[in-house]
Structure formats: structure tokens, C-alpha cells
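First the proteins, then the strands, lettered A, B, ... as listed; each starts at 1. What you see is a predicted model; the values in this text were computed from it and never measured.
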2 protein chains.
Amino acid sequence: MKRDSRLSGVLHVLLHMAEHRAPMTSEQLAKAMQTHPVVIRRILGGLRDGGFVHSEKGHGGGWTIARDLTAITMRDVYDAIGRPSLMAMGNRTEAPGCLVEQAVNAALDTSFQEAEALLLARFGDVTLAQLAADFHARMAARSLSPTTQEHIHG
Amino acid sequence: MKRDSRLSGVLHVLLHMAEHRAPMTSEQLAKAMQTHPVVIRRILGGLRDGGFVHSEKGHGGGWTIARDLTAITMRDVYDAIGRPSLMAMGNRTEAPGCLVEQAVNAALDTSFQEAEALLLARFGDVTLAQLAADFHARMAARSLSPTTQEHIHG
DNA sequence: TTTCTCGCACTATTTGAAGTTACATGAAAC
DNA sequence: GTTTCATGTAACTTCAAATAGTGCGAGAAA
């Protein structure tokens, strides 16, 4: 089963934006993410509606982060992209008449719900500021002159 | 993201087999699962290799459960079908050069690993015998004459 | 008024699971 | 032994969902 990488992608984009002071265009972000500008606009669209980022048209326009990084958790981002399902598995039939299947579904659902709850709680614990700090730590570890290092792909 | 229903499907098949004393053919099971016999053979193939079910060719052949239901957990079944990924989300790039992405991956991985561990532990707690008991309880709840009830689909 | 940028509807492509066919293998019935 | 029933497995074919891409409209700055 193929895994959804949207959450990973959005977080990545947000941190790149955070490193930039000026607005970044969809095209710049697309280059960093090795994808298409429209894809960037799509995933950032949800975040704009949630008030986490701001977009501006025309010359000098682009995307900026609208809140302090300490005020955005991974959970917020997850919610903003539409709460895609976290579990890769589901039930064969959602409302089965077969009692055997009902028993199976009940057992699986219990486990999945527990795991989802744990995951969401963990997401709520991590802010973008923490991720940015981790990034800076990695930067410092890689080189003693981080300002001359390239953190954009390629 | 579409969810994998193989685990749900296999458990369903196994419980139907358990209700039957005699071997069940792929065709019978396929009818109960509303699918194709070859699909049944495919999903049961892994369980056969794991020693959980036995298959016999020719007249009177078919599939039987090879162990006591108390000795098979959902975790065993999960392992037998090849441990498909449990989480619907993954990282955009597995071994990124981008330090931003490394920081994101690290944070997500931690959460996902915790959730997976919890899920697997829960799977290990549930035996097929428990699922069968739950099924019988549902059967009793639906009707006072369970032996005349049809538990097969349709 | 030209250029740059996002917004959005629409189309195209890719991908992976599920379904299907075909045929070989083995076991019991007759 | 030959027929029938059943699994084993390797293709091949759909089919649906996710993603990528195109085209054009709208708004803002140069």
C-alpha cells in the first residue's frame, strides 16, 4: 500500500518558508520539493484557509508563514490538510450484515482507534519551532560554518 | 488514501473456516467473501507457509485451520500476510540530503514508530478464539435460535 | 499595459490492488 | 487408469484512486 506523503511534504515546505524571510513563490518551493508549482498551491491552500500561511499575488508576492512557529503544531498542520486517514488498513466492509465480519471489525477498530489517538497526541506535542530548532542543530553538526551551507536541495 | 483490507479479509476467512468442521474449498470461501477463488488462494497462501492453515488437493480437499484458535493471534496473521505497512503516511524521501527534511522525518518517524508498536501489541493480545467467542455472542444476541440462523452472507 | 503571481477547474498519467484466465499438479472416486 | 475435483501459480486485464500537469482567469505591482 502506497503511503501518503502530504504531511511530510507540507511540514517540509513550511520549514523552508520559515528559513526565508521574504515571501517564497510556488515555483521556488516547487523546486525545493522537486514537484510542480500547482502541487504546492494545492497543499498550501488548506493551510491558508486555516490561517497558518498567507499568500499574495503579483510582483513580490508568494507565500509567508502567518503565525509564530511556536504556535503551530504538527497536529494543526495535519488538521489543515484535511485529516487524511492515518491507518493504512481498514475494514473490508464498513457496515456488514455478516456477524463474523462484525466481530472482526470491532476488534480491529478498537486497536486502530487507540493507535490513532496516540499518534494525534504526539503530533500535538511537536511545534514547528521544535522542528526548526532540530534543523539548526543538524546544520551546526554538519558544518562549523552553517551560513555558507546550502540547505535547499540540489 | 485507500486502505488495505487484507488483514480484515483474512481474519474473516479464518473465522468462517473455524465455524465449519469440514475442509472448505476456495470456491466456498470466495462465495462467503464475495470475491474470486484465486484471491482466496492467494491470501491463504501466506498462512499456509506460516503453518496456520492446511490445504488439501483433490476430492474432499480444501482448507482447514491447522492450529487451535487460542494459539493464533491477530499479530500472527498480520505477520503471515507479510507485515504490510500499518501507517497510511510515510516520508516524502527516505534518505534525504536536505537537512530540513531530515528533521521532519525524524519527528514523524518517532510518532509513527510508537503508534505501530502499540498497534502490534494490541494485535498480539487478541486470539482467533476471542473473535470466535465474540461472533457467537453476536449470534446469540440476534436470535434465540442461533442454529437456524445463517451466518454466511446473502 | 505588461509582468508576475496565485486560484481553480479540468485533463492526463501513473500506480497498485483486485479480478480473471489459463494451465499444471496432485489426490480421490469410479 | 481415467475422470473429476481441488489447489498452485503465473500471466494478463480491469478498475479506481492518487498525483501530476495544463490552461486560463484574477489581482497586484512595476
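- Nucleotide dT7(D) holds its C1' atom 11 Å from the CG atom of Leu44(B), rounded to whole Å.
- Look at CG on Leu29(A): it is 13 Å from P on dG7(C), rounded to the nearest Å.
- Checking dG21(D), dT20(C), dT7(D) against the side-chain heavy atoms of Arg42(B) singles out dT20(C) as nearest.
- For Arg41(B), the side-chain atoms get nearest to dT9(D) when compared with the rest of dA18(C), dT9(D), dA9(C).
- For the pair Glu114(A) (side chain) and Ser111(A) (backbone), a donor-acceptor distance under 3.5 Å is absent.
- OP1 or OP2 of dG8(D) lies within a sub-4.0 Å distance of a side-chain N or O belonging to Arg48(B).
- Across dT19(D), dT9(D), dG7(C), the shortest atom-to-atom separation from the side chain of Asp4(A) is found for dT19(D).
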**Derivation and outcome, side-chain contact (heavy atoms from CB on, under 4.5 Å), residues Met89(B) and Tyr78(A)** = CA-CA 11 Å; Met89(B) 298 188 166; Tyr78(A) 168 74; 3.8 Å; yes
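- Within the structure, a side-chain polar atom (N or O) of Thr35(B) is placed less than 4.0 Å from OP1 or OP2 of dG19(C).
- As rounded to whole Å, 13 Å separates atom P of dT20(C) from atom CD of Gln34(B).
- Between the CD1 atom of Ile40(B) and the C1' atom of dA6(D) there is a distance of 14 Å, given to the nearest Å.
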**Request:** Step by step, work out the side-chain contact (heavy atoms from CB on, under 4.5 Å) result for Thr73(B) and Asp125(B).
**Result:** CA-CA 7 Å; Thr73(B) 66; Asp125(B) 287 340; over 6 Å; no
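- Closest contact between the side chain of Val39(A) and the listed nucleotides dC6(C), dT20(C), dA20(D) involves dA20(D).
- Only Lys57(A), Gly58(A), His59(A), listed by number, bring a heavy atom of residues 53-67 of chain A to less than 4.0 angstrom from any atom of DNA chain D.
- The NE2 atom of His36(B) sits 17 Å away from the P atom of dT9(D) (whole-angstrom rounding).
- Between the CD atom of Glu27(B) and the P atom of dT4(D) there is a distance of 16 Å, given to the nearest Å.
- Remark: side-chain polar atoms of Ser8(B) are paired, donor with acceptor, to backbone N or O of Arg92(A) under 3.5 angstrom.
- Atom CZ of Arg3(A) and atom C1' of dT15(C) are 16 Å apart (whole Å).
- The backbone N or O of Ala106(B) sits nowhere less than 3.5 Å from a side-chain atom of Asp109(B) that would complete a donor-acceptor pair.
- Checked against the 6.0 Å centroid threshold, His12(B) and His16(B) count as a close aromatic pair.
- Distance, Met24(A) CE to dC4(C) P: 18 Å, rounded to whole Å.
- Contact of the Met74(B) side chain with the Leu11(B) side chain is registered, since non-hydrogen atoms from C-beta on lie closer than 4.5 Å.
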